[in-house]
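Report on the following structure.
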Amino acid sequence: MGLTGLLGIAAGAGAVLAARAADTVPPLEPDGDEARRWAETELSDPAYDIAEPTLLDRAAQAIRDFLAGLFSTELSGEWGSLFAVIAAAVVIAVIAVAFAVWGVPRSTRRARAASAALFGEEEGRSASQLREAAASAARAQRWDEAVVLRFRALARGCVERGVVDTPPGATVHAFARAAARAFPGLAGDLETAASAFDDVRYLRRPGTPELYRLVADADDAVVAARPAVRAEVLA
C-alpha cells in the first residue's frame, strides 16, 4: 500500500472519531426544549435554595409594593373618596389604640400628678371631702379654716374635672385667672374668692361668715357651670 492509501485511511478514521465525538458532546446552541431542560436541571441545584426569598420576605415585599402603589397612584372620583374614608378610619383606629395603650394625654396626666399639692401645701383630700371639712369648720365658727378649705375645694374641683391645671407653685390669683378663662362669666367671683383666701391665709386677716359665704357661692357657681375651655395656670 502506498503513501496515498495510508493518508486516505487516516482521514477516514479521523472522520469516524469526529462523528462519535459529536454524538456525545452537547451542541453549543441548543433548541428551545433543550435550553429549558438545561435551565431546570441547573436551578434544581440546592445551592440556589439559599438565595431564594423566604415566605416572610415575600410578604414584606408584597406589603411594600402595595403601599408604594397606593400612595404613588393618583386617585380621583369614587376611588379618591373611598381612599379618604379608609385613611380616616385608619387614623382613628391608631388614635384609639394609642389611648388604650398609653392612656390620657401628657397634660392631663401632669394635672393629675400635680393635684396632690394645692397652693404650696400637700392636700390629698378630694373636693367633696374638702367641702365637708369646710362646712364642719363653719358650723364650729372657725371661719379662717372654713374660708381656706372651701377655696381649696373650689380649686380641687376644677382639677378633678380636668378644667384647670394647677402645677406646683401656682398662686391663688394665677389659678383664678386660669379658671376665669374656663368660666368667663364667673371671672369676678373667682378673683374675689381668691382675694378672700389670700387675706385669711397669708395676710392673717380674720375670716368672717361673709367671706366664707362669698367663697362658697363662687364654688357652687363653678360646680354648676359648664367650662368653655380647659385652661392651664400660666403665672
Side-chain angles (χ1 to χ4, degrees), residues 95-96 98-235:
I95 293 174
F99 271 101
V101 174
W102 290 289
V104 296
R106 181 180 62 181
S107 59
T108 305
R109 290 199 303 269
R110 187 178 66 233
R112 291 179 179 175
S115 63
L118 276 178
F119 311 124
E121 293 184 5
E122 292 296 318
E123 179 55 78
R125 286 174 288 185
S126 67
S128 61
Q129 290 173 330
L130 286 167
R131 291 186 185 103
E132 291 175 2
S136 177
R139 287 192 295 270
Q141 297 186 357
R142 299 193 303 271
W143 300 114
D144 293 1
E145 182 182 352
V147 169
V148 169
L149 288 174
R150 191 58 187 259
F151 190 85
R152 290 183 182 277
L154 189 162
R156 176 53 50 81
C158 288
V159 172
E160 290 175 350
R161 293 169 67 182
V163 174
V164 180
D165 180 9
T166 55
T171 66
V172 291
H173 288 284
F175 163 78
R177 288 191 295 271
R181 291 194 294 273
F183 304 100
L186 300 176
D189 294 340
L190 287 165
E191 186 60 34
T192 302
S195 296
F197 178 94
D198 249 350
D199 289 347
V200 172
R201 178 69 178 81
Y202 298 112
L203 299 181
R204 303 300 180 182
R205 293 176 180 171
T208 63
E210 291 76 21
L211 287 178
Y212 173 73
R213 178 46 50 194
L214 184 152
V215 175
D217 288 346
D219 183 25
D220 291 340
V222 168
V223 170
R226 184 174 182 177
V229 295
R230 183 182 183 278
E232 183 173 356
V233 176
L234 300 178

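Note that this is a predicted model, so its numbers are computed, not measured.
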Handout entry: Flag side-chain contact, heavy atom, 4.5 Å: V164 against F175
Key = yes
Residue set satisfying side chain to side chain donor-acceptor pair (under 3.5 Å) with D198, at least two apart, ordered chain then number -> H173
For A138 and A146, the nearest pair of non-hydrogen atoms, with its separation, is N-CB, 3.8 Å
Exercise for the section: For residues F119 and T171, determine if any side-chain heavy atom of one lies less than 4.5 Å from a side-chain heavy atom of the other. Expected result: no
inquiry  = I'd like to know if the side chain of D144 reaches the main chain of G207, judged simply by a donor and an acceptor atom lying under 3.5 Å from each other, with no hydrogens or angles considered.
reply    = yes
Taking every heavy atom of A196 against every heavy atom of V215, the minimum-distance pair comes out as CB-CG2, 3.9 Å
- request: Would you indicate whether the side-chain heavy atoms of L211 and R205 approach each other to under 4.5 Å?
  value: no
Any salt bridge linking D219 with R156? Criterion: basic side-chain nitrogen under 4.0 Å from a carboxylate oxygen. no
Shortest non-hydrogen pair, R226 vs F183, comes out as C-CE2, 3.9 Å
In this structure, CG of L190 is separated from CZ of R177 (nearest 0.5 Å) by 12.0 Å
Donor-acceptor contact present, side-chain E160 to main-chain A127, <3.5 Å
yes
Backbone of E132 reached by a side-chain donor or acceptor of S136 within 3.5 Å: no
Scanning both residues in full, the closest heavy-atom pair of L149 with A134 reads CB-CB, 3.7 Å
Residues S126 and Q129: closest non-hydrogen pair is N-OE1, 2.9 Å
Side-chain contact test, heavy atoms from C-beta onward, threshold under 4.5 Å: evaluate it for D217 versus D189 and give yes or no. no
- Query: Do F197 and R150 touch side chain to side chain, with heavy atoms closer than 4.5 Å?
  - Reply: no
Hits for side chain to side chain donor-acceptor pair (under 3.5 Å) against R161, two or more places apart or cross-chain, chain-then-number order -> none
